[in-house]
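Below is one structure, written out as structure tokens; comments come after it.
Computed from a predicted model, the values in this text were never measured in an experiment. The figures that follow rest on heavy atoms only: side chains count, while hydrogens, waters and symmetry mates do not.
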Amino acid sequence: MPELRKDPIISRWVIISTERGKRPSSFSPPDKKLPDGFCPLCPGNEDKTPPEVFAYRSSGSQVNTPGWSLRVVPNKFPALRIEGELDRRGEGIYDKMNGIGAHEVIIECPEHTATLSSVSLEHFEKVLLSYRARMNELYRDRRFKYIAIFRNQGEVAGASLAHPHSQIIALPIVPKRLMEELDGSKEHFNYKERCVYCDIIRQEREQAVRVINENREFIAITPFASRFPFEIWILPKNHSSAFEDIPDFHYASLAELFSDTLKRLSLSLNDPPYNFMLHTSPVSEKFNNYYHWHFEIIPRLTRVAGFEWGSGFYINPTAPEDAAQFLKEAAPLPSGR
Ligand SMILES: [Zn+2]
Ligand SMILES: [Zn+2]
Ligand SMILES: [Zn+2]
């Protein structure tokens with residue numbers, strides 16, 4: 001059973017998941033496409049993954065067989081386990097609890113060599129809708145306080161399988177990073193009675209030096225204090241606190257701007273490895289006027305090293321204004337629907 005342990009000084013929880021460490025490939029990436037070309041996420045290998053929990057399928061196709069266009073399965077090597085009680089307890093001055101959670105893999109499309117920036121807008125929308133579907137389902141489990149959705153593109157970014165996929169981890173606590181954003185947003189709101197992200201969007205649209213692109217509902221910017229070169233945020237233009245509760249038609253609109261942004265990134269930087277993650281309100285405070293959900297995209301162009309690890313300071317060699325200009329000038333071809 002994995003264990004969650006809390007750092008007694010800065011209240012950061014870590015997952016001690018020794019079962020993952022026991023894998024034969026312990027400290028090399030697990031499950032990588034084997035030399036013989038076998039990929040457990042490709043169609044035809046449905047029996048090599050745990051049974052699917054969600055799928056978009058052609059009518060008439062059977063579960064756990066080919067015929068899917070998107071498939072969600074539990075992670076074969078989960079960081080957290082779904083069975084059991086949290087059993088929060090102390091050990092002297094330390095706090096710990098059982099590593100309860102859900103860890104799922106969203107197999108985004110059947111094509112092994114596709115990328116999220118190459119799929120159609122309609123398919124991109126399906127990926128976003130699958131995030132929503134799994135969030136809504138997992139939040140029915142009252143043990144889960146936050147659902148983290150993220151994507152690792154490329155080995156450098158931590159992807160252990162080449163097949164296009166995103167991941168979901170349902171957590172029994174709200175992560176520290178989210179708490180920091182929530183606390184900062186609440187503080188701004190208490191002082192100004194406005195959402196800090198809404199204020200940022202207003203100013204960015206006025207200044208127009210860090211805006212990459214926008215459509216009716218969404219905007220992509222390089223944040224003013226970007227930690228990393230070409231860091232990007234995608235936000236809804238009007239205040240919205242929970243990703244899973246936006247109007248249906250907004251997912252198509254988000255797919256459009258998200259796809260455009262990833263295309264600009266791959267054109268400008270030659271398909272860089274990247275991570276993206278969703279930041280949205282925890283289920284306990286889903287509807288609020290202070291926190292504004294968004295995606296953060298971090299291209300992995302530089303390595304986090306001693307200074308960053310030791311200080312929490314980041315040295316970013318590319319001004320976000322230059323990155324925005326560069327991305328703005330990249331001209332992606334439109335995707336078909
Ligand atoms: Zn594959
Ligand atoms: Zn807002
Ligand atoms: Zn964020």
message = Does Tyr94 have more than 12 heavy atoms from other residues, nucleotides or ligands lying within 6.0 Å of its OH?
response = no
task = For His165 and Asn152, run side-chain hydrogen bond (donor to acceptor under 3.5 Å, both in side chains): C-alpha distance rounded to whole Å, both residues' side-chain angles, the deciding distance at 0.1 Å, then the answer.
result = CA-CA 8 Å; His165 68 283; Asn152 304 332; over 6 Å; no
ask   = Are Leu278 and Met135 close enough, and set up right, to give a side-chain contact (heavy atoms from CB on, under 4.5 Å), and what steps lead you there?
value = CA-CA 12 Å; Leu278 172 64; Met135 284 179 90; 4.2 Å; yes
task = Find out whether Ile219 and Val211 are in side-chain contact, i.e. whether some heavy atom of one side chain is under 4.5 Å from a heavy atom of the other.
result = yes
query = At what distance, to the nearest 0.5 angstrom, does CZ of Arg216 lie from CZ of Phe249?
reply = 6.5 Å
query = What about Ile298 and Phe276, same hydrophobic cluster or not, with Ile/Leu/Val/Met/Phe/Trp/Tyr joined at side-chain heavy-atom distances under 4.5 Å?
reply = yes
inquiry  = Hydrogens and angles aside, do Glu285 and Tyr290 bring a side-chain donor and acceptor to less than 3.5 Å of each other?
reply    = yes
ask   = After noting the C-alpha distance and the side-chain angles of Asp7 and Trp13, does the key distance pass the side-chain contact (heavy atoms from CB on, under 4.5 Å) rule?
value = CA-CA 6 Å; Asp7 179 304; Trp13 289 87; over 6 Å; no
message = Distance check, rounded to the nearest 0.5 Å: Ser166 atom OG versus Leu116 atom CG?
response = 6.5 Å
task = Over all heavy atoms of both residues, which pair between Ser69 and Pro110 is shortest? Give the atoms and the distance, please.
result = O-CD, 3.5 Å
query = Is Lys286 salt-bridged to Asp245, going by a charged N under 4.0 Å from an acidic O?
reply = yes
ask   = Hey, is CZ on Arg303 packed in by over 12 heavy atoms from elsewhere, all under 6.0 Å?
value = no
request  = Taking all heavy atoms of Ala330 and all of Ser268, pick out the closest pair and write down the distance.
outcome  = CB-OG, 3.5 Å
note = Rounded to the nearest 0.5 angstrom, the CG-NE2 distance for Leu128 and His123 is 10.5 Å
task = Go through Asn98 and Arg88 one step at a time and tell me if the side-chain hydrogen bond (donor to acceptor under 3.5 Å, both in side chains) criterion holds.
result = CA-CA 7 Å; Asn98 289 335; Arg88 195 168 173 157; over 6 Å; no
note = One should read off an interatomic distance between Ser226 OG and Asp322 CG, to the nearest 0.5 angstrom, of 11.0 Å
Polar contact flag, side-chain donor to acceptor under 3.5 angstrom, Asn289-Ser241 = no
inquiry  = Around atom CG of Asn238, are there more than 12 heavy atoms from other residues, nucleotides or ligands closer than 6.0 Å?
reply    = no
inquiry  = Pair Ser281, Asn288 - check side-chain hydrogen bond (donor to acceptor under 3.5 Å, both in side chains), show working.
reply    = CA-CA 8 Å; Ser281 299; Asn288 65 65; 3.1 Å; yes
inquiry  = If you compare all heavy atoms of Ser61 against all heavy atoms of Gly67, which two are closest, and at what distance to 0.1 Å?
reply    = OG-O, 3.7 Å
task = Answer whether the closest heavy-atom distance between the side chains of Glu46 and Val73 falls below 4.5 Å.
result = no
query = Just checking, is any N or O donor in the side chain of Lys263 or Ser259 under 3.5 Å from an acceptor N or O on the other one?
reply = yes
inquiry  = Checking Glu256 against Asn215: is there a side-chain donor and acceptor pair closer than 3.5 Å?
reply    = yes
ask   = Hey, does His103 have a side-chain heavy atom less than 4.5 Å from the side chain of Leu80?
value = no
key: Test item: Ile147 and Leu171 side chains (from C-beta on) under 4.5 Å apart, heavy atoms   = no
task = Determine, for Glu214 against Arg205, whether the closest basic-nitrogen to carboxylate-oxygen distance falls under 4.0 angstrom.
result = yes
request  = Test Phe295 against every option in Phe150, Phe258, Phe218 by the ring pair (Phe, Tyr, Trp, His ring centres under 6.0 Å) rule and name the one that passes.
outcome  = Phe258
query = Does a sphere of radius 6.0 Å around CZ in Arg177 hold more than 12 heavy atoms from other residues, nucleotides or ligands, not counting ones at 6.0 Å or beyond?
reply = yes
query = Can any side-chain N or O of Lys176 pair as donor or acceptor with the backbone N or O of Ile10 at less than 3.5 Å?
reply = yes
inquiry  = Show the nearest heavy-atom pair for residues Pro236 and His292, with the distance to one decimal.
reply    = O-NE2, 2.7 Å
request  = Flag the pair Gln167 / Met277 as yes when at least one side-chain heavy-atom distance between them is below 4.5 Å, and no otherwise.
outcome  = no
query = Does a side chain donor of either Trp68 or Glu52 reach within less than 3.5 Å of an acceptor in the other side chain?
reply = no
query = Mind checking whether Tyr274 and Phe230 have ring centres under 6.0 Å apart?
reply = no
key: Any Arg81 side-chain heavy atom under 4.5 Å of Pro2 side chain   = yes
request  = Could you label the plane-to-plane angle of the Phe243 and Tyr251 rings as parallel, tilted or perpendicular, counting under 30° as parallel and over 60° as perpendicular?
outcome  = perpendicular
ask   = Any link between Tyr314 and Ile297 through a network of hydrophobic side chains (Ile, Leu, Val, Met, Phe, Trp, Tyr) touching at under 4.5 Å?
value = yes
Donor-acceptor pair, side chain of Arg57 and main chain of Thr65, under 3.5 angstrom = yes
task = Output yes when Glu137 and Arg132 qualify as a salt bridge under the 4.0 Å nitrogen-oxygen rule, no when they do not.
result = no
request  = Check the surroundings of atom CD in Glu180: do more than 12 heavy atoms from other residues, nucleotides or ligands lie under 6.0 Å from it?
outcome  = yes
task = Kindly check if the number of other-residue, nucleotide or ligand heavy atoms within 6.0 Å of CD (Glu3) is above 12?
result = yes
request  = Could you state whether Val209 and Phe326 fall into the same hydrophobic cluster, counting links through intermediate Ile, Leu, Val, Met, Phe, Trp or Tyr residues with side-chain heavy atoms under 4.5 angstrom apart?
outcome  = no
query = How far does CG of Asn64 sit from CG of Asn45, to the nearest 0.5 angstrom?
reply = 12.5 Å
query = Hey, would you say the Phe144 and Tyr139 ring centroids sit under 6.0 Å apart?
reply = no
ask   = In terms of hydrophobic clustering (I, L, V, M, F, W, Y; side-chain heavy atoms under 4.5 Å; direct or indirect links), are Val304 and Leu269 co-clustered?
value = yes
task = Indicate the ring-plane relationship of His112 and His163, choosing parallel, tilted or perpendicular according to the 30° and 60° boundaries.
result = perpendicular
request  = Show the numbers, then the answer: is there a side-chain hydrogen bond (donor to acceptor under 3.5 Å, both in side chains) between Asn275 and Arg151?
outcome  = CA-CA 5 Å; Asn275 300 106; Arg151 190 174 197 284; over 6 Å; no
key: Minimum heavy-atom distance Arg143-Gly84, with the two atoms named   = NH1-O, 2.8 Å
ask   = What about Val119 and Leu267, same hydrophobic cluster or not, with Ile/Leu/Val/Met/Phe/Trp/Tyr joined at side-chain heavy-atom distances under 4.5 Å?
value = no
message = How close do Glu308 and Ile315 get, counting heavy atoms only, and between which atoms?
response = OE2-N, 3.6 Å
key: Close side-chain approach of Pro299 to Leu265, heavy-atom, < 4.5 Å   = yes
ask   = Between Glu231 and Arg227, is the closest basic N to carboxylate O distance under 4.0 Å?
value = yes
query = Is the count of non-hydrogen atoms from other residues, nucleotides or ligands lying under 6.0 Å from Tyr146 atom OH greater than 12?
reply = yes
query = In a check of side-chain hydrogen bond (donor to acceptor under 3.5 Å, both in side chains) between Gln325 and each of Glu321, Glu329, Lys328, which one passes?
reply = Glu329
message = Are there over 12 heavy-atom neighbours, none belonging to Phe224, within less than 6.0 Å of that residue's CZ?
response = no
ask   = Going by atom types only, do Tyr197 and Glu181 share a side-chain donor-acceptor pair under 3.5 Å?
value = yes
task = Would you give the length of the straight line joining atom CD1 of Ile200 to atom NE2 of His294, rounded to the nearest 0.5 angstrom?
result = 9.0 Å
